[in-house]
2 protein chains.
Amino acid sequence: MRDNRNEMRGPNLLFLTDEQLRKGIEAMFFAYRGFTADPDRVLSEKGYGRAHHRAVHFIHRSPGTTVNNLLGILGVTKQSLNRVLRSLIDDGLVESKVGTQDKRERHLYLTPAGHALEAELSEVQTARVRSAYRAAGPEAVQGFRMVLEAMMDTEMRRCFDKLKETE
Amino acid sequence: MRDNRNEMRGPNLLFLTDEQLRKGIEAMFFAYRGFTADPDRVLSEKGYGRAHHRAVHFIHRSPGTTVNNLLGILGVTKQSLNRVLRSLIDDGLVESKVGTQDKRERHLYLTPAGHALEAELSEVQTARVRSAYRAAGPEAVQGFRMVLEAMMDTEMRRCFDKLKETE
DNA sequence: ACAATACGTCAGTGTTGTTGACATTCCAAG
DNA sequence: CTTGGAATGTCAACAACACTGACGTATTGT
């Protein structure tokens, strides 16, 4: 059950009180809204949703990735991803090439128009994150990243680490 | 446009490179999935969605709040909130009382059953946040909170601060 | 030949969002 | 006091998006 007695266990445990935890939860809720607000605005102007942003982002990040790869990274169903990819391909933002070794696979790439959209989305989102980073300072950013990574599932952690080593 | 030259501006600006910003964006994406995964599991068992969680959370947080207040906090449309509230009221988790001063307003309260659901949701979500906090340590948590607050809109910031002062 | 994999698609369901209309209540100007 | 506007909340119809589960096709590998 709830435990409010952390407050009496010394100042080094103050950050684990229910009060602090709830504040963190609410901060996460509001901050994520801010985090997605700008890209969402851009997307809705073009008739796209948040799922399109994610697809475009990770195709940009890992050109030539397959549909199955994206499914694992995004954590959506095949049908949702397919609908998104279908519209992106029809609109000429994403190109789907049949694999050379394994012809069952489709490798996904951004077209020039796709790169343009990605840049536009990345622009507005990065601007906000940069501003937040600048306001909070380097040590805060390091802490921010540590908590976020500790909040992931092992599954996502695996995805995240795999993306990191691609640098 | 993109700016990769931050890397040459000294070590104190290393955290503002595009690489670091992109990593932060992806970490935020994956972490938020982890953040909502456990409550989502509980909710779907009961036929509810994430919107129900938010409503229950903030009614618990601010008992007697009005529908309009919740609209501002949650950032959803009136109809979406109303549908959610309708099901919660019909299921006996939320009680809606006509205002005494202003009879147009409906003041919202959790019933005992509502408090039970809130506790169950809070339990699983808090467990993960607590674990992340513990793993990252107090200084990291402070940085985490600073960056999150800096990432909010002024609008949300206002909501967040108003909730904070209720303590 | 046979099973497994990668991809696409269909039907049915549920949540969420938008548009727009509507009833009730409050308040203030006439 | 009356009346009109503004605020609060409710509701219906429709669209967007996601999920489940099943099925079909092409390809790979044993």
Side-chain angles (χ1 to χ4, degrees), chain A residues 29 32-33 36-37 39-41 43-56 59 62 64-91 94-109, chain B residues 29 32-33 36-37 39-56 58-59 64-91 93-109 117 121:
Chain A
F29 167 68
Y32 195 77
R33 283 236 315 260
T36 57
D40 281 354
R41 211 171 354 256
L43 288 159
S44 73
E45 289 171 7
K46 305 179 189 302
Y48 293 135
R50 208 173 285 177
H52 297 80
H53 183 188
R54 298 186 196 131
V56 166
I59 294 174
S62 308
T65 187
T66 64
V67 174
N68 240 359
N69 263 332
L70 265 189
L71 283 178
I73 292 172
L74 298 179
V76 296
T77 60
K78 197 157 53 161
Q79 295 72 8
S80 294
L81 177 57
N82 199 269
R83 180 164 7 98
V84 166
L85 285 179
R86 179 54 40 208
S87 62
L88 289 174
I89 291 172
D90 289 348
D91 295 352
V94 169
E95 196 178 3
S96 169
K97 294 181 181 174
V98 175
T100 52
Q101 310 144 348
D102 191 334
K103 291 178 188 166
R104 292 172 303 181
E105 295 178 340
R106 304 295 145 89
H107 297 272
L108 303 169
Y109 301 89
Chain B
F29 168 67
Y32 195 76
R33 282 238 314 262
T36 57
D40 281 353
R41 214 173 349 259
V42 172
L43 288 159
S44 72
E45 289 171 7
K46 306 179 188 301
Y48 293 135
R50 207 173 287 177
H52 297 81
H53 183 187
R54 298 187 197 130
V56 166
F58 285 106
I59 293 174
T65 187
T66 64
V67 174
N68 236 1
N69 264 331
L70 267 188
L71 283 179
I73 292 172
L74 298 179
V76 297
T77 61
K78 198 156 50 162
Q79 297 70 10
S80 293
L81 177 58
N82 197 267
R83 191 182 5 232
V84 166
L85 286 179
R86 177 54 41 208
S87 62
L88 290 174
I89 292 171
D90 289 348
D91 295 352
L93 303 181
V94 168
E95 196 179 4
S96 168
K97 294 181 182 174
V98 175
T100 52
Q101 309 146 348
D102 192 331
K103 290 180 188 167
R104 292 173 301 179
E105 296 178 341
R106 303 297 142 92
H107 298 271
L108 304 169
Y109 302 89
L117 175 61
L121 292 170

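All values reported here derive from a predicted model rather than from experimental measurement. Letters A, B, ... mirror the listed sequences (proteins, then strands); counts begin at 1.
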Any base atoms under 4.0 Å from B:His52, or only sugar-phosphate, or nothing? Heavy atoms, all strands. sugar-phosphate
Donor-acceptor check, side chain of B:Arg50 to backbone of B:Pro39, threshold 3.5 angstrom: yes or no? no
Could you check B:Leu121, B:Val84, B:Leu43 and say which one makes a side chain to side chain contact (heavy atoms under 4.5 Å, CB included) with B:Tyr48? B:Leu43
Which residue, B:Lys78 or A:Gln101, contacts DNA chain D at a nucleotide closer to its 5' end, judged by nearest heavy atom? B:Lys78
Between the base of C:dA6 and the side chain of A:Arg106, is there any donor-acceptor pair under 3.5 Å? no
Identify, between A:Thr100 and A:Tyr48, the residue whose nearest nucleotide on DNA chain D lies closer to the 5' end. A:Tyr48
It should be established whether A:Ser80 places a side-chain nitrogen or oxygen under 4.0 Å from OP1 or OP2 of nucleotide D:dC17. no
Rounding to an integer number of Å, can you tell me how far A:Leu74 CG sits from D:dC19 P? 10 Å
How close or far is atom P of C:dT15 from atom NZ of B:Lys46, stated in whole angstroms? 15 Å
Give the rounded distance in Å between these two atoms: CG of B:Leu43 and C1' of C:dG14. 14 Å
Whole-Å distance, A:Leu85 CG to C:dC7 P, equals 10 Å
How are the rings of A:Tyr32 and B:Tyr32 set relative to one another: parallel (under 30°), tilted (30 to 60°) or perpendicular (over 60°)? parallel
Between C:dA6 (C1') and A:Leu108 (CG): distance, integer Å: 12 Å
At less than 4.0 Å, is any side-chain N or O atom of A:Asn68 found next to OP1 or OP2 of C:dC7? Yes or no. yes
Side chain of A:Asp102 (C-beta onward), nearest among C:dT25, D:dT28, D:dG9: D:dT28
Is it true that a side-chain atom of B:Asp91 and a backbone atom of B:Leu93 form a donor plus acceptor pair closer than 3.5 Å? no
When the distance from CG of B:Asn82 to P of D:dG9 is rounded to whole Å, what number comes out? 10 Å
Given C:dC26, D:dA18, C:dC7, which nucleotide is nearest the side-chain atoms of A:Ala51? D:dA18
Donor-acceptor pair under 3.5 Å: do we get one between B:Gln79's side chain and the base of C:dT19? yes
Would the base of D:dA7 count as contacting B:Arg104 through its side chain, where contact means a donor and an acceptor less than 3.5 Å apart? yes
Using whole Å, report how far CZ of A:Arg83 lies from P of D:dA15. 16 Å
Would you kindly give the CZ-to-C1' distance between A:Arg33 and C:dG17, to the nearest whole Å? 14 Å
Apply the side chain to side chain contact (heavy atoms under 4.5 Å, CB included) test between A:Asn69 and each candidate in A:Thr66, A:Leu71, A:Val67; give the one that qualifies. A:Thr66
Hey, does B:Gly47 reach any base, or is it just sugar-phosphate, or nothing, if we go heavy atoms under 4.0 Å? sugar-phosphate
